[in-house]
Structure formats: C-alpha cells, structure tokens
2 protein chains.
Amino acid sequence: MRIGELGKATGVDIETIRYYEKAGLLPPPARMPNGYRAYRPVHLERLAFIRHCRALDVPLAEVKRLLDFVAHPEADCGDINQLIDEQLGRVRARLKSMRALEKQLAALRAQCQVGNSAANCGILHELVAAANGEACACHGAVAKPGFRKGSLSR
Amino acid sequence: MRIGELGKATGVDIETIRYYEKAGLLPPPARMPNGYRAYRPVHLERLAFIRHCRALDVPLAEVKRLLDFVAHPEADCGDINQLIDEQLGRVRARLKSMRALEKQLAALRAQCQVGNSAANCGILHELVAAANGEACACHGAVAKPGFRKGSLSR
DNA sequence: GAACACCCCGTAGCAACTCCGGGGTCAAGC
DNA sequence: GCTTGACCCCGGAGTTGCTACGGGGTGTTC
C-alpha cells in the first residue's frame, strides 16, 4: 500500500502522514525498490487510531502515550483513565469559557443596528468601554462567570 | 510608563506587548533617553482593547480591523456587525463540536474501571475498535454509543 | 517520447505567542 | 568603587499540528 492509498483509505492528507512518521507516531514503513513507502494493514490501523484520537482533540503527545499503552498491554490502565480525565477536564473548561464567550458575543451583537456609522456603533462602544473597565482594574464588572479577564489561558 | 508597568497594569506579558507592537497592533511608543519604551495612557487603553477582544477569541487580524473602525468612526458599522457575526458563527460551530466531543470522552471514560491492566482496559478497546470502524471506510456509521464503530464529526 | 499522476525530500509558513541568550541601565547596599 | 538585582533592549528560535512549496525522480498510458 502506497502512501496515497493509505491517505485515501483513512481520509488523511499525505503530508500529514509523513508528518506523523517524522513525529514518531507512525512507525517508518518498509520501502519499495523505488523508495516509495510500503504500508501494511498495521499502519492503517495505527493511523486510524491516531486520527480518532485527534478527532477527540487529544494532543499528539498524549496519543503517543496511548500508543505506548497499546504496545504494552500489561501496564496499569489507571494511567489511561487519568489521561482521559485530563483531556475531559480540558474540554470541559474550554466548553465553559466558550459558552460565556458566546453569550458575550451575542450580547455585543445585539448592541448594534445596521446603518449606523461606526461612531455610533453600539458594539464598538461596548468593546471600548469594557476594555476600559478592565484596564482600570474594575475586574469583575464586565467579565462575569468563568470568564478569564485580561490574561488568556496562560 | 515603562513596559513592565504597562504589563502589570493590564496583566499582559511583556513579550506579548512587544509582539503586538511588531505585529502592528500597538503603535510604537516614544523612547526614553536610555532606549526604554515610554507608554502613555492611550497605549494602555488600546492594549486593554486588544486583550478584551482576544479574550473574546477574536483573531488578531480582526482586532486590527476593529481598531481601524475605532480610528475611522465615519465608516459604516455594518461591517462590524458582520465581523461579530462571523466570530459568533465560528464560536457556535466550535461549541457544537465540543459538546459532541465531551459526550464521546465521557462515554469513553465510563468504559473503564480502575485497576485493570491495559490489556483489559475498556477505554483502549473502545478507541481501537472505533478507529478500526472508521478505517474500514464505514463512513456515515451512526454513533451507537454501545460497541462497534464510533462515528466522529470529521 | 511526452503528458500525467504519483512519489521523494527538505524547508518554510500559519497563529499567537513564549523562551533564550547576550547585552545595556539604574538604584541600593557594602 | 563595586557588586547585586531588577528592569530593559534586541533578534532569533521553539511551540503545536499541520499545510504548502520547490525541485526532483518514477511509472503508466497515449
């Protein structure tokens, strides 16, 4: 199986496949006499696993860890639980802040009627006012629950 | 106001401030005789505006556009509406996929009891099985959260 | 023998920072 | 006078997860 076929079978871009190989996630396949990569079913399986994890937004570094678990099935799966829990925690935190974000944006959007000039634009006024509120250390006035003010995920 | 003070006042990392200047979002301030950047209140305001937008996940390129609106208040604010709408659309799409993701992860987490070896780990089995289901081009398989192939938004 | 699809490789680019190394500046303390 | 430490300067590289580019080789078909 050449790289293009593997790509088609999994829906993964060729460049991405080579990237995974360079990154150490996909083992380097054998080569055909002409230098082309020769993939076997095991690669397809592994690539599908990687993509499935990525679709779950698991970072590549953790996919690597998961692959290690697959390779060493005698390990304790408590670590896997922890890995998933961490990921779940990240996702939930992000979800929470995104819900707040959606609310803010929707409120912002409601500030403005079409046809105004920017000088009267409620959105712009709101943004500027909110920014001033934050800058003057009136923390909590604008950004309410679960919303990270000033400092972004840092 | 030196860069460190500005950073403290806004909660923004010094490197980030310099980065914004290089990126053209923050106008280059005057310099003191010793070469230090000398910021004025207008910079603080503008930086706060940028950070507020970033907290709303507005990309820097669009923050730039917003700043242009602030600078040219005679422009039509319909464009601002559109900008916010686009952002809102992105956030809602992302929100949707994240909700699905959270469900999947939670289901995955429920597969495993602590104390198993990885060989019996339900999570690992589920991941591998789901990946296989996808790899075999059973695209469009419905997500029956029991066994068999899990379908992901991809 | 030319067109075309496919493959190789290394490098650079994207966002939005973050960190590093090497150096200059300035006030306080001994 | 000299050192310590906090602050500042700059350019460049590193981060994550790809994606694109350029310049070349290979293999099949018309």
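Proteins come first, then strands; the chains are lettered A, B, ... in the order of their sequence lines, and each starts at number 1. When reading the values below, keep in mind they use all heavy atoms of this one structure, side chains included, and skip hydrogens, waters and symmetry mates.
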Inset, instruction - By nearest nucleotide on DNA chain D, pick out whichever of A:Y20 and A:P33 is the more 5' one. - result: A:Y20

Inset, instruction - For B:R40, look at atom CZ and say whether over 12 heavy atoms of other residues, nucleotides or ligands are found less than 6.0 Å away. - result: no

Legend entry - Side-chain H-bond candidate by donor/acceptor type, B:Y39 with B:R46, under 3.5 Å: no

Taking atom [atom2] of [N] as reference, at what distance in whole Å does atom [atom1] of [X] sit?
| X | N | atom1 | atom2 | result |
| --- | --- | --- | --- | --- |
| A:Y39 | C:dC7 | OH | P | 10 Å |
| A:I17 | C:dC7 | CD1 | P | 9 Å |
| A:L26 | D:dG17 | CG | C1' | 15 Å |
| A:I14 | C:dC8 | CD1 | P | 8 Å |
| A:L6 | C:dC7 | CG | P | 10 Å |
| B:M32 | C:dA27 | CE | C1' | 15 Å |
| B:E5 | D:dC7 | CD | P | 10 Å |
| A:D13 | D:dC18 | CG | P | 10 Å |

Is [X] close enough to [N] that one of its side-chain N or O atoms is under 4.0 Å from OP1 or OP2 there?
| X | N | value |
| --- | --- | --- |
| A:R2 | C:dC8 | no |
| A:N34 | D:dG27 | yes |
| B:R31 | C:dT25 | no |
| B:T16 | C:dT18 | yes |

Measuring from atom [atom1] of [X] to atom [atom2] of [Y], what distance do you get when rounded to the nearest 0.5 angstrom?
| X | Y | atom1 | atom2 | answer |
| --- | --- | --- | --- | --- |
| B:I3 | B:I17 | CD1 | CD1 | 5.0 Å |
| B:E86 | B:R90 | CD | CZ | 6.5 Å |
| B:T16 | B:L25 | OG1 | CG | 12.0 Å |
| A:L67 | A:L26 | CG | CG | 9.0 Å |

Legend entry - Residue that, paired with B:Y20, satisfies side chain to side chain donor-acceptor pair (under 3.5 Å) out of B:E15, B:H43, B:R51: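 Per the side chain to side chain donor-acceptor pair (under 3.5 Å) rule, the option paired with B:Y20 is B:R51, out of B:E15, B:H43, B:R51.
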
Legend entry - Residues from residues 58-65 of chain A lying under 4.0 Å of DNA chain C - heavy atoms: none

Shortest side-chain distance from [X], nucleotide among [options]:
| X | options | answer |
| --- | --- | --- |
| A:K8 | D:dC8, C:dC6, C:dA16 | C:dC6 |
| B:Y19 | C:dC6, C:dT18, D:dC8 | C:dT18 |
| A:E15 | D:dC10, D:dC21, D:dT26 | D:dC21 |
| A:R37 | C:dC9, C:dC7, D:dC8 | C:dC9 |
| B:R18 | D:dC18, D:dC9, D:dC8 | D:dC9 |

Legend entry - Axial bend angle, the helix from C:dG1-D:dC30 to C:dC30-D:dG1: five-pair end segments, nearest 10°: 30°

Inset, instruction - Flag the pair B:E62 and B:R54 as a salt bridge only when some basic side-chain nitrogen lies within less than 4.0 angstrom of an acidic carboxylate oxygen. - result: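 Not counted as a salt bridge, because no side-chain N and carboxylate O are separated by less than 4.0 Å.
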
Inset, instruction - For B:K22, answer base if it contacts any base atom (sugar-phosphate contacts may also be present), sugar-phosphate if it contacts only those atoms, and nothing otherwise; contact means non-hydrogen atoms under 4.0 Å. - result: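 Nothing, no nucleic acid heavy atom in range.
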
Inset, instruction - Taking ring pair (Phe, Tyr, Trp, His ring centres under 6.0 Å) as the test, write out the residues that go with A:Y36, two or more places apart. - result: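 Once residues adjacent in sequence are excluded, A:Y36 has no partner under the ring pair (Phe, Tyr, Trp, His ring centres under 6.0 Å) criterion.
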
Inset, instruction - Give a yes or no on whether a donor-acceptor pair under 3.5 Å exists between the nucleobase atoms of C:dG24, that is its base, and the side chain of B:Y36. - result: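 Counting by modelled atom types and ignoring angles, a donor-acceptor contact under 3.5 Å is found here.
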
Inset, instruction - Mind listing the closest non-hydrogen atom pair of B:Q87 and B:P59 along with its distance? - result: OE1-CD, 3.6 Å

